[in-house]
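Since the structure comes first, as structure tokens, the remarks are kept for the end.
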2 protein chains.
Amino acid sequence: MSCLCLPMGLPLEDIPELHDTHTFTLLRKGEALFRQGMPFTGLFLVRSGSLKQVSTTSTDESLVTAYAMAGDLVGLDAIGQSLYPGTAMALETTTVSVLPQERLSELGAQLPALRQQLCRNLSQEVHNERLMLRLLLRRTAEARLAYFLVAVSARFQRRGYSASRFRLALSRSDIGSYLGLTVETVSRTLARFHKQGLLKANGRDFHILDLETLSRVAGASGRRGMGG
Amino acid sequence: MSCLCLPMGLPLEDIPELHDTHTFTLLRKGEALFRQGMPFTGLFLVRSGSLKQVSTTSTDESLVTAYAMAGDLVGLDAIGQSLYPGTAMALETTTVSVLPQERLSELGAQLPALRQQLCRNLSQEVHNERLMLRLLLRRTAEARLAYFLVAVSARFQRRGYSASRFRLALSRSDIGSYLGLTVETVSRTLARFHKQGLLKANGRDFHILDLETLSRVAGASGRRGMGG
DNA sequence: CGACACGTTGACCAAAATCAAACACGGTGG
DNA sequence: CCACCGTGTTTGATTTTGGTCAACGTGTCG
């Protein structure tokens, strides 16, 4: 269920570049790491802060398609077309390390394990996205938001932060865009969760009070499921 | 917009196995090519007929997560966990060629181009699924179904069949499951399209009359979009 | 023929989008 | 310091969509 995040588990610790603090790039809030349509130049590892990836469709809709926090890899979905499929924008002051394309090829040649692992991560990602989004497709707003919060909480935990208290740099409308809901619905649903004692949310600071129940809400289908 | 299909463009024509008609496997309607949870043994190329992939979630919901027709590759999403993440079931009499895992590794070692292409396809797929499903998430039932039909039509065309007349082996409830809609909504929406002169659908035979308008309906957001 | 899966249609209702308005907050400039 | 603005957030009233329940066709297979 590690769904809302970019893949992990790559043996990145073996790559010296990523630890060279000289190659860090600093982004201020609102600055773009890359823009939609730019040719693929490499992957990025988020060191601190967070980014959102926004894709604009042919019909001029902007969708938040990914949220990357410290430890996440950004740019994997650019490999396919050799173009970045969205714009990665810093949600706060953010640092990233760069893993240029040519270096990636070199490493791939040297370390078959890396190559293989990258492929696995991609395959895994295909499956996760398919299943999760198809699940969201038939979930109520309540379940979608609960699911999202539980996933984010788990992600913070895996990174060594508190699972119950965290700052989520996404705005309400970013969350709405990510989950396919309007701002108003996000706001109202959070208020409902608050009233039920499941969490406290003022602004972008979240405090999960009842992860147990929240997980249950996330799992509740609320809509008819079928196929078979 | 080549979204609802498994990736293509792999240099599969270079692989003799796939042309050896002796290795074809025949499946009758309802038979499974592989079942969810089985260890990954290889990929399959659909030769004739069609399959649906059904994934059962932890909460016992069955979701149709993919639809594969002649020419599509099946099993790509199994590489990640080395397990098939769903059950692939024949929707009609279907033949597939097998590309076993060990052979895949051999070929990958021999042909770097194949490896690279596979990786690209996977990356592409990640992006497609993300974008399409997030798009569907904020679409009305009408737009979802229109989008689906347009995509299927394009797929038939690319395979050399008519874009306007085709037989879609999925049942109404399969379509509903795939798009996150109930059977009733699928049925009603098709009826509305019929009344508007956009298509004729009796049973599983479809005749697209106005692809132009249908595409427009598919693109119409119908819901508020945001993020930026 | 009946059993059964699939498909369609109608009446009703709940969920969430829409429209609208007000509120909180941070920054800017007087 | 405060007035002012813009952005983001919340809340309320209303409407639309589509899910739910239920009944009824249609076709196929034994």
Side-chain angles (χ1 to χ4, degrees), chain A residues 28-30 52 61-62 64 89 91-93 136-146 148 167-195 199-206 217 220-228, chain B residues 28-30 52 61-62 64 89 91-93 136-146 148 167-195 199-206 217 220-228:
Chain A
R28 305 215 163 275
K29 181 175 171 179
K52 65 175 173 180
E61 291 163 275
S62 299
V64 176
M89 179 176 292
L91 293 165
E92 54 199 312
T93 302
L136 285 184
L137 219 48
R138 63 184 63 248
R139 287 271 190 278
T140 62
E142 226 172 43
R144 288 184 199 182
L145 197 55
F148 172 73
R167 180 174 175 78
L168 189 60
L170 290 169
S171 73
R172 297 285 188 271
S173 58
D174 287 336
I175 298 173
S177 173
Y178 191 75
L179 296 174
L181 301 170
T182 59
V183 206
E184 294 95 323
T185 303
V186 172
S187 183
R188 265 188 265 269
T189 307
L190 282 175
R192 207 174 319 146
F193 285 162
H194 187 108
K195 230 175 287 178
L199 54 78
K200 283 186 189 167
N202 53 340
R204 301 182 185 189
D205 292 316
F206 288 78
V217 172
S221 94
R223 296 274 171 80
R224 200 154 82 197
M226 53 187 33
Chain B
R28 305 214 164 276
K29 182 175 172 178
K52 65 174 172 180
E61 291 162 276
S62 298
V64 176
M89 179 176 292
L91 293 166
E92 54 199 311
T93 301
L136 285 184
L137 218 48
R138 63 183 62 248
R139 287 271 191 279
T140 62
E142 224 172 44
R144 288 185 200 183
L145 197 56
F148 173 74
R167 180 174 175 77
L168 189 59
L170 290 169
S171 73
R172 296 286 188 269
S173 57
D174 287 335
I175 297 173
S177 174
Y178 191 76
L179 297 174
L181 302 170
T182 59
V183 207
E184 294 95 323
T185 302
V186 172
S187 184
R188 264 189 267 269
T189 307
L190 282 175
R192 207 174 320 149
F193 285 161
H194 186 109
K195 230 174 289 178
L199 53 78
K200 283 185 189 170
N202 52 345
R204 301 183 184 189
D205 292 315
F206 288 78
V217 172
S221 91
R223 295 277 169 79
R224 201 153 79 196
M226 54 187 37

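Below, read A as the first sequence line, B as the second, and so on, with proteins coming before strands; counting in each chain starts at 1.
- Partners of A:K200 according to the side-chain contact (heavy atoms from CB on, under 4.5 Å) rule, which considers only residues two or more places apart in sequence or in another chain, are A:H194, A:H207, A:L209.
- Taking A:R172 as the reference, A:V183, A:V186, A:L190, A:A201, A:F206 meet the side-chain contact (heavy atoms from CB on, under 4.5 Å) condition, with sequence neighbours excluded.
- When the P atom of D:dT9 is taken as reference, atom CG of A:L168 falls 11 Å away, rounded to whole Å.
- At whole-Å resolution of the value, CD1 in A:I175 and C1' in D:dG8 are 12 Å apart.
- Residues passing the side-chain contact (heavy atoms from CB on, under 4.5 Å) test with B:T189 are B:A141, B:E142, B:L145, B:T185, B:R192, B:F193, sequence neighbours excluded.
- Side-chain N or O atoms of B:R144 include one that pairs as donor or acceptor with a backbone N or O of B:G180 at under 3.5 Å.
- At least one side-chain nitrogen or oxygen of A:T182 sits closer than 4.0 Å to the OP1 or OP2 atom of C:dA17.
- Rounded to an integer number of Å, the gap from CG of B:D174 to C1' of C:dG7 is 13 Å.
- If A:T189 and B:L190 are placed on DNA chain C by their nearest nucleotide, the residue sitting closer to the 5' end is B:L190.
- The CG-C1' distance, from B:L136 to D:dT17, rounds to 16 Å in whole Å.
- Each end of the helix from C:dT8-D:dA23 to C:dG30-D:dC1 gets its own rotation axis from five pairs of C1' atoms, and the angle between them is 30° to the nearest 10 degrees.
- For A:R204, there are no salt bridge (charged side-chain N to carboxylate O under 4.0 Å, His left out) partners, not counting sequence neighbours.
- The OG atom of B:S62 sits 8.5 Å away from atom NZ of B:K52, with the distance rounded to the nearest 0.5 Å.
- Here CZ of B:R167 is found 5.0 Å from CG of B:D205. Values are rounded to the nearest 0.5 Å.
- Checking the phosphate oxygens (OP1, OP2) of D:dG8, no side-chain nitrogen or oxygen of A:R204 falls inside 4.0 Å.
- One can place CG of A:L170 at 14 Å from C1' of D:dG8, the figure rounded to the nearest angstrom.
- Without hydrogens or angle criteria, A:R138 side chain to B:S177 main chain gives a donor-acceptor distance under 3.5 Å.
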Which atoms of nucleotides 9-13 of chain C (N or O only) lie under 3.5 Å from a protein N or O atom, and what are those distances?
{"residue": "C:dG10", "atom": "N7", "partner": "B:R188", "partner atom": "NH1", "Å": "2.9"}

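- With rounding to the nearest 0.5 Å, the separation of CD1 in B:I175 from OG in B:S187 is 10.0 Å.
- One interatomic measurement links the two molecules: NZ of B:K29 to P of D:dG27, which rounds to 15 Å at whole-angstrom precision.
- One atom, CD of B:E142, and another, P of D:dG18, lie 8 Å apart when rounded to the nearest Å.
- B:L181 places its CG atom 16 Å from the C1' atom of C:dG7, with the value rounded to the nearest Å.
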